[in-house]
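Here's the structure, in structure tokens; my notes come after.
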Amino acid sequence: VRAEVVFSGAAMQMEESMERDAARALRFYEMASLVPRGFAILSSAETHVDIRLAWLHSARLEFDAAEAILQRRRERDGDRS
């Protein structure tokens, strides 16, 4: 799903196969996010997981969930990229 579609505000629904893939990816990233802080091989890995989770929630039009993930990341890490 292209960024301009995800963030356009239009209520475009994903195709069924894309929805299944997104749900599977969400489960994978949610499992990856359970790794305790500091145990990631790369320090940017935790942020990457949060960004992917937020993207997948946005693609599924779950903007509240995406915003909550990004807010928690900001509270945890500050404004660094």
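Sequence positions, counted from 1, serve as the residue numbers for this chain.
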Measuring from E67:CD to Q71:CD, what's the distance to the nearest 0.5 Å? 7.0 Å
For Y29 and V49, which heavy atoms make the closest approach, and how far apart are they? O-CG1, 3.5 Å
Is there side-chain contact between D21 and M18, with heavy atoms separated by less than 4.5 Å? no
D50 and I69: which non-hydrogen atoms are nearest, and at how many Å? O-CG2, 3.5 Å
Output for pair (S58 OG, L70 CG), nearest 0.5 Å, gives 7.5 Å
Contact summary for A54 and A66, nearest pair of heavy atoms: O-CB, 3.4 Å
Can you tell me if E19 has over 12 outside heavy atoms packed within less than 6.0 Å of its CD? yes
L56 and A25 have their tightest heavy-atom pair at CD1-CB, 3.6 Å
Euclidean distance, E62 CD relative to L53 CG, rounded to 0.5 Å: 11.0 Å
dist L26:CG -> H57:NE2 (nearest 0.5 Å) comes out at 4.5 Å
Closest non-hydrogen atom pair between R60 and A23, with its separation: NH1-CA, 4.2 Å
May I ask you to check whether over 12 heavy atoms, not counting those of E15, lie within 6.0 Å of atom CD? no
